[in-house]
Each structure stands twice: as structure tokens, then as C-alpha cells.
2 protein chains.
Amino acid sequence: MNLKELSEQLGLSQTTVSRALNGYPEVSEETRRRVEAFARKMNYQPNSNARRLATGKSYTIGHVVPLSDHDMINPHFSDFIAGAGEIYNRRGYDMLISVVNADTEKSVYESLSRNRRVDGVIVHGPRVKDDRLTILRKLKLPFVVHGRTSDPEDSFSWVDVNNRRAYHKAATYLLEAGHRRIGLINGWEYMTFALKRREGLETALRQNGIEPDPEIMVSSEMIEPNGHGAMKAFLAHRDPPTAVLCSSMLTAMGASRAVHESGMELGRDISLIGYDDCLSFLPAAGEYPSMTVMQSSIRLAGKHCADMLIDLIDGNAGHRNLLLEAEFVIGASTGPAPVMATT
Amino acid sequence: MNLKELSEQLGLSQTTVSRALNGYPEVSEETRRRVEAFARKMNYQPNSNARRLATGKSYTIGHVVPLSDHDMINPHFSDFIAGAGEIYNRRGYDMLISVVNADTEKSVYESLSRNRRVDGVIVHGPRVKDDRLTILRKLKLPFVVHGRTSDPEDSFSWVDVNNRRAYHKAATYLLEAGHRRIGLINGWEYMTFALKRREGLETALRQNGIEPDPEIMVSSEMIEPNGHGAMKAFLAHRDPPTAVLCSSMLTAMGASRAVHESGMELGRDISLIGYDDCLSFLPAAGEYPSMTVMQSSIRLAGKHCADMLIDLIDGNAGHRNLLLEAEFVIGASTGPAPVMATT
DNA sequence: AAAGCCAATCAAAGCGCTTTGGCTTCGCTG
DNA sequence: CAGCGAAGCCAAAGCGCTTTGATTGGCTTT
């Protein structure tokens, strides 16, 4: 059933039927109702390719996922997608995912844009210095960044967590509990979020007259074994940290495992704070031996990004920014600094 | 730059240019070369919406992800997508992901099909009795199932792991090591894969004259806390299992944690076998205290599904099936059955 | 009553591609 | 040398929608 048939059966022109269905004003209420009822009855749905061709809009949002053959795919990705997808669905958009080789990523944007495959894209995992923004600007393709880059904050749309403040707050909490040596198991610091986290911690340390020690700060892929390895190394340090901040639940779990292996107990012998992205498959707070965490839902961030991008596309808004605050949830993995023989 | 301009500049008709670019034979080799060179130089790419409209093909594969608001999104999903996406990319297809409310899933297939949004779909997480197949058949929409249903095996295309054999094999290995009580921490058993896993275990038990005990078999969401809870319950049983099969790494990690908490040691006091889907963010074998696992890459399965579906769409093949064997990797989490006072 | 307007509708022209059917050449056969 | 088939090219007709630019009739305005 296409528009032509539909309009013939209704005894109307295609124009009128199209307008009736798309909510244009120059159609009488009565006709509109009649058309809508009949369309529903006939189960009519416009052919989206035809519509796309005619309007030049694609009603599709692109997500470009750079991924080399044996790369790891970010475990956060699916939760983000889940959140964004829900909004797309609600607002009549489709989600197009391009898995591309890292080195062809940029040309993919060009191609998506030239082809009018997508009306806009979400930029994932922004680097401090990220030339994707340059490309997208040149292409005039609307985009929203999940995170930030070093570009001026008001020069593009983004949704981000206040990572700096979160880590500042967590560190301050530890400092107030008497900790003087605070380690960091971070993600890759060429990613903006990781850099800001370190800055947050360092600022808090300096405000308390402590010079950050790079020997108890590591930056790597945020997976369990890395958390385990990093914590193990920290514990073997001549002057080990009494508290450690992690950048994910996975590394926190690894770190926690290392602590247990060494016979120590979390919250008593050493304090650990994780970062909970509220990933759906990761232990919910309360289930897993309750860990002190900074917490913010990545799925929610996905929703925000999607909404913001669609607003941008519809022209209802210019650049917008959304800075989410992570919640600080105190669990059992933190406690006062152990009393040392020294000092 | 569109076809019209391109052909004008080349001094050829649109027909010829289109044919040249699409590899039709009725174009001289010389012309084809000239056209191709020029198109590349001009950076021409056909407008895909126009092409879709004209051909009725969408060059897009759909993935429908049912997801209610606070549902968990399957952690396997992103790895599967990564694998499939790579193939789509290579073979010139796009990936469309629809996140839908579980209750509207079926109508989404209709809509995707009627709209010609997709040329085919991948069916995720098949149930034993799954009416999605009925719908897709009625819609004549090509599909490949990742897993199987209770429908006759040769009546549709699927890619699956030989779950039954994997669990049979793992159980037999344990039985040969003297274990007589083997527990199971399974996924939801309305999912075919989980059902087959239990069947594999039960068959092995019966072949050794042991009646399966439902009290040491649980079925639930495969996340860490559930593994932990299940194992804790098993250990508290009046006649606890000496070995346990898990259906994922997440539950295995939870189970492992429960074992450690109880002061026991894996491989000595109790044996544990996990199922490693080779998820990119999960501890690689060797890193995590090496666990005995059944192993098969879900990312690879994604690749196979994608290839199979595209073949199906292109009409190069009828129904095809691919039964992958899981590898059995012996690690340190298994050992001979502990010698009991009894027996 | 003529003029003008608004509301409601329509015919037709795109959107940029593919594909059908036809038209030249040209080389070859009988 | 007529006749024919193949090779190579083209014009034009879709694909199913949106949108521009009429067109109509009924009502108000002067």
C-alpha cells in the first residue's frame, strides 16, 4: 500500500493525503481525520527511502565505532546505545552503526555525510585533541560529543560528567579521612575524561599540600586484569598508597582482588573507590560487597546525547552543553587511613 | 556531485555511467576505466537513498534489541555487533539497530519490512519457542538466528555453538576426575542455549548413572552477583557439589568469589568451569587466575551470522547452518574430586 | 455586485538513482 | 552485398514520496 493507492481509494490527491498525515495546517480537520483513520486501517506506512530521497533528511543518527581486528570494544558502548536507542525510537529516528577500521574513521564521516545517510552523529570517546570535530564542522554535520575535547566548551554540543569534580570530591573525602598517599588506576589519559580525573585528584592533593606521585598513578585500558596488576604493583611499592581511586568498576574489581590476595581487607587496611557507570551487567551497588563509588549512568548519558542531537538537527536549539554530576556513594571499601608506625 | 553532473562532465549518459560503476557488462572496458577514474577523482558517491528507492534494496541489516526501561542490555551484544559490523562494513552493508520495548518487538519487524528499511535481520537470543520466526517467515524477510529454536533445524538459517556437546564434554571431564555431584549455574532456560547446556550436563550425568539434582542447578540472569549467590547457596547445601559448571565468565567470577570467601580454593576444594565468550573486556585466559573454560568467540559468531545473512539476501545460498564447537581449555580451577570421608 | 481573500484541494515537478527498451555501429556470415 | 547479431551507448520511465505553484469555490469586503 503506497501513497498513490491510498489517495485514490480516498478520492483525494497525494498532496492532500501527504499533508494530512504529516500534520500540515492546510487540510481540513475532517479530511485529516478521515485520512488518518483510513491510513491506520490500511496499515499504511510511507516508504522511508522515498521520503528520505524527497526530503533529503535521513531520520538516522550515526555512531561510528572505530575498531581494529583485535581491538577491544568498549564495554560501555552497549549501555550507551541502549539509552540513545530508546530516545531515537521514541522520536522516530533510526540508529546506524558503522564499525570501521580506526584508520578509515574520518573518511567514513565524509561518506555518511555526502550520502546523506545520517542527519547527525554522536562522537564517542573524545580525545583531548580530537580532529574528528574539525572534520564534522567542515562537513556541517550536526554532532554531539559524549565527553569533551580541548576545544572551547561552548563551541560544540556535548554531554559530559564532571569528572574533575568527582575525583576532586572523592580525593578530598579520603584526605579528610587522613589518607596522604592516594593512588590512581586510570583509563588512557589521551582520553579527556581520564585526564580530567587525574587533574581532579591532583588538585585535591595539592590543596592539601601533597605533591602527586606519578609512581602510584597508572593509565591503561580499564579492564579487570589491569586493575589487578596495577594494585599489585602499588602494594609492592616501597611506600604504598593507603587509598586508591579507580576509573571503572572493572579495574576496581581487579584491584579488589589484588588486595584480597595480599591478605588485606578493603576499608580497613586500604581504601578503594571505584567508578560505577551503572553498566547493566556489572554488580549493582549493594550486591557486590558494597564499594564506595562515584556513580553516573552511562545509559542516561546516552539518552541525553540523543535528545540533544535531535534537537540540534531539528533546529530547535544551538549548541548545548550538559554537565552531569557524579554521585558519591559511600560503601564499605573506604575507611580512615590506617595508623602507621611512621609519621 | 551527483550522477547527472558526473555523466555530463564525462560526456556520457547516466545509464552508461551507472552501469560502468556498478560493474555491468554492457560497457566497454575503456569507458569503464575512464568513468571509474573520474568518479574517484570527483569523489563521487551515489546517493544511497536514491539508490535504495530505485532498487528497492536497502543494503541494511537490522538488529532488533528488545529492551524495557530498566532491563539489562546483554553484555554479549557489543561484541557480537563488533564482529557483524566488520563484515557489513566490508561487504557494503549498513547496520541498523532498533532498540524497542519488548512488547512492540514484533510490530517493529513488520514496520522494518514494509518500509523496506532493511534487507534482512539477525535474530538475537532465540527462545525455545520463538514466534519471531513465524513473523519473519510471513514477512518473507531474510533472517539468520544467532542460536536455535525448537523449529526444525533445516527450516531456517542459524549460527550456533554446540552447547550440548560443550557441556557434555566438560561434565564428562569432571566425571572422569571423580566428581559425582556437579552443579550448574545457568542462564535463563527459556533461552535455547541455556536449555541445551543443561541437557548436555544431564546426559553426561545419566551416562554415568547419576540422576541430576535440580537443587544444585539454577537458572537466572548471567551476572556476577547471581554467580556469587548461587555458589554461596550451593556451598550451604547439605550435600554440596564438588564441581560447578557456569554459563558465563561473569557468573563464574561471582562463583569464584564465593568460593574464596568460604576459605576454599578453586581446583583443590572445588572445581569450577566457566564459559568464555571471549568478550573483549573480560579477563583473557591467562590473565585472570587461569580458569578452566569452554570457549567460543561471540565476535566470530557475529561475523558468521553477518556473512550468512548477506549470502542469503544476495540469493547466493539457501538456508545454511553453522554449528561451532566450543573449545575446552583446561586451567587451574579444576582438579580431581576431593576425597571425602564418605563413600 | 465586483473585487478580493482565504481555505481546501490538486497537478505536476522534482529528489538521484536504476533499468527497460531502443538505437547505432561494426564486423561477420552466407 | 544484404542481413544479422553483438557491442556499446542512450533516452526516458519509473521508484514513492514531498513540495511548489496553481486552481477552485465560498465568503467577506467596499
Side-chain angles (χ1 to χ4, degrees), chain A residues 1-36 38-39 42-60 92 94 111-119 314, chain B residues 1-36 38-39 42-60 92 94 111-119 313-315:
Chain A
M1 169 68 64
N2 57 19
L3 187 61
K4 194 174 163 198
E5 276 184 72
L6 194 75
S7 52
E8 275 166 5
Q9 295 199 26
L10 276 162
L12 288 167
S13 73
Q14 296 190 34
T15 312
T16 306
V17 175
S18 169
R19 295 202 145 135
L21 293 173
N22 290 316
Y24 282 75
E26 54 272 81
V27 161
S28 76
E29 265 319 303
E30 194 210 318
T31 308
R32 184 189 309 280
R33 258 193 298 277
R34 194 162 67 92
V35 169
E36 276 172 353
F38 190 64
M42 293 286 100
N43 220 331
Y44 168 77
Q45 282 197 290
N47 176 309
S48 44
N49 291 324
R51 163 192 287 233
R52 279 170 229 273
L53 178 58
T55 58
K57 273 203 63 176
S58 65
Y59 300 97
T60 303
D94 284 332
S111 144
L112 286 177
S113 162
R114 187 174 27 238
N115 277 355
R116 307 212 151 279
R117 289 291 295 123
V118 301
D119 294 332
D314 288 353
Chain B
M1 169 66 63
N2 57 19
L3 187 60
K4 193 173 163 197
E5 276 185 73
L6 195 75
S7 52
E8 275 166 5
Q9 296 199 25
L10 276 162
L12 287 168
S13 74
Q14 297 190 33
T15 311
T16 305
V17 175
S18 168
R19 295 201 143 134
L21 293 173
N22 290 315
Y24 282 74
E26 52 272 82
V27 160
S28 76
E29 265 319 304
E30 195 211 317
T31 308
R32 184 188 309 280
R33 258 193 299 277
R34 195 161 66 91
V35 169
E36 275 171 353
F38 191 64
M42 292 287 100
N43 221 330
Y44 169 75
Q45 282 198 291
N47 175 309
S48 44
N49 292 323
R51 163 192 287 231
R52 280 171 228 272
L53 178 59
T55 58
K57 274 202 62 176
S58 65
Y59 300 96
T60 304
D94 284 332
S111 145
L112 287 176
S113 161
R114 187 174 29 238
N115 278 354
R116 306 211 153 279
R117 288 293 292 123
V118 300
D119 294 332
I313 290 167
D314 288 353

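These figures come from a predicted structure and were not determined experimentally. By convention in this document, chain letters (A, B, ...) are assigned in the order of the sequence lines, proteins followed by strands, and residues within each chain are numbered from 1.
Salt-bridge formation is detected for the pair Asp314(A)/Lys57(A): a Lys NZ or Arg NE/NH1/NH2 atom is positioned less than 4.0 Å from an Asp or Glu carboxylate oxygen.
Side chain Thr31(A) to base dA8(C): no donor-acceptor pair is found below 3.5 Å. Interface remark: the Thr55(B) side chain does not form any donor-acceptor pair with the dT19(C) base, using a distance-only criterion of under 3.5 Å. Between the side chain of Thr15(B) and the base of dT18(C), no donor-acceptor pair under 3.5 Å is found.
The side chain of Ala50(A) sits closest to dG16(D) out of dG16(D), dC17(C), dT18(D). The side chain of Asn2(B) lies closest to dG16(C), out of dG16(D), dC10(C), dG16(C). The nucleotide whose nearest atom lies closest to any side-chain atom of Gln14(A) is, among dG16(C), dT18(D), dT19(C), dT18(D).
Per the geometry, CZ belonging to Arg19(A) stands 8 Å off P belonging to dT20(D), to the nearest Å. In this structure, the CZ atom of Arg114(B) is 16 Å from the C1' atom of dC17(D), given to the nearest Å. Here dC17(D) presents its P atom at 9 Å from CZ of Arg51(A), a figure rounded to the nearest Å. Atom CG of Asn47(B) and atom P of dG16(C) are 7 Å apart (whole Å).
Contact annotation: Tyr24(B) does not reach the phosphate of dA7(D) (side-chain N/O to OP1 or OP2, under 4.0 Å). Regarding contacts with the backbone of dC17(C), a side-chain N or O of Tyr44(B) is found under 4.0 angstrom from either OP1 or OP2. OP1 or OP2 of dT18(C) sits under 4.0 Å from a side-chain N or O of Asn22(B). A close approach under 4.0 Å does occur between a side-chain nitrogen or oxygen of Ser28(A) and OP1 or OP2 of dT9(C). Not one side-chain nitrogen or oxygen of Thr16(B) sits closer than 4.0 Å to the OP1 or OP2 atom of dC9(D).
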